[in-house]
Amino acid sequence: MHRGKRLLFTAHCILNQNSVIRDWERAIGGFNRIIEMLLTQNIGILQLPCPEFTFLGEDRRPMTKEEYNTEDYRSHSQEILKIIIKQFREYQVHGYEIIGILGIGGSPSCDSLRNQGVFMEELMDLLYKEGITIKTFDIPEDYINGQDHSMLKELEEFIKKKI
């Protein structure tokens, strides 16, 4: 069997920087160093949808968390997270280990740590209602693809402990 049965949920733009607001991207394509580290450790990557892209499209302007903190945007986030929660449960029922969620620090939607984004708030609330707690990590705002960063070391150490 060629299944590691370990998964990490990631913010959409970690694999697809084309979804980022124009001129804010920090990698060509995706964060390949992080992706390579996960795949090398036999961790499957489950990409979350980009709520900003699906809500406002590709040609959107930068907005703050306060601007996204609306009933319409929260409802949109809840709707697109339904399938994610279903996938989460399905993997768990079949013995997969969800090792964490990798978000984007400073994102009004996908910051999973300090100033939790609107989308991550909705995701964490849905997981909490399912009785699920999970470790979260963020790619810092100052990280550029390919750089050494303490976040990479922390994520790698956490992954190695889980092996």
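Remember, it's a predicted structure, so these values are computed and weren't measured experimentally.
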Notebook entry, point to check: Tell me, do Leu127 and Ile85 make a side-chain contact under 4.5 Å, heavy atoms counted?
Noted result: yes
Notebook entry, point to check: What do the steps show when you test Leu48 against Leu123 for side chain to side chain contact (heavy atoms under 4.5 Å, CB included), and what is the final call?
Noted result: CA-CA 10 Å; Leu48 296 168; Leu123 175 57; 4.1 Å; yes
Checklist line | Side-chain donor or acceptor of Thr40 paired with backbone N/O of Glu36 under 3.5 Å | finding: yes
Next item on the list: List the steps and the verdict of side chain to side chain contact (heavy atoms under 4.5 Å, CB included) for Leu102 and Ile45.
Entry: CA-CA 10 Å; Leu102 183 58; Ile45 302 168; over 6 Å; no
Next item on the list: Specify whether Tyr73 and Phe55 have parallel, tilted or perpendicular ring planes, treating 30° as the upper limit for parallel and 60° as the lower limit for perpendicular.
Entry: perpendicular
Check: Is there side-chain contact between Ile101 and Met124, with at least one heavy-atom pair below 4.5 Å?
Finding: yes
Notebook entry, point to check: Any side-chain heavy atom of Glu52 within less than 4.5 Å of one from Pro108?
Noted result: yes
Next item on the list: For the residue pair Gln116 and Glu121, confirm or rule out a side-chain donor-acceptor distance under 3.5 Å.
Entry: no
Checklist line | Side-chain heavy atoms of Lys82 within contact of Leu126, under 4.5 Å | finding: no
Next item on the list: Determine yes or no for a side-chain-to-main-chain donor-acceptor pair under 3.5 angstrom, with Asn42 supplying the side chain and Gly4 the backbone.
Entry: no
Item checked: Heavy-atom check, side chain of Glu130 versus side chain of Gln92, under 4.5 Å -> no
Checklist line | Straight-line distance of Ile98 CD1 to Ile43 CD1, nearest 0.5 Å | finding: 11.0 Å
Next item on the list: Could you check if a side-chain atom of Glu90 sits within less than 4.5 angstrom of a side-chain atom of Tyr96, using non-hydrogen atoms only?
Entry: no
Next item on the list: Return the minimal non-hydrogen interatomic distance between Ile104 and Cys13, and the atom names on each side.
Entry: CG1-SG, 3.6 Å
Notebook entry, point to check: Is there side-chain contact between Lys65 and Val118, with at least one heavy-atom pair below 4.5 Å?
Noted result: yes
Next item on the list: Would you indicate whether the side-chain heavy atoms of Tyr68 and Leu56 approach each other to under 4.5 Å?
Entry: yes
Check: Going from CZ on Phe9 to CZ on Phe88, what distance comes out if it is rounded to the nearest 0.5 angstrom?
Finding: 5.5 Å
Checklist line | Sidechain-backbone polar pair: Glu67 side chain, Thr64 backbone, donor-acceptor under 3.5 Å | finding: yes
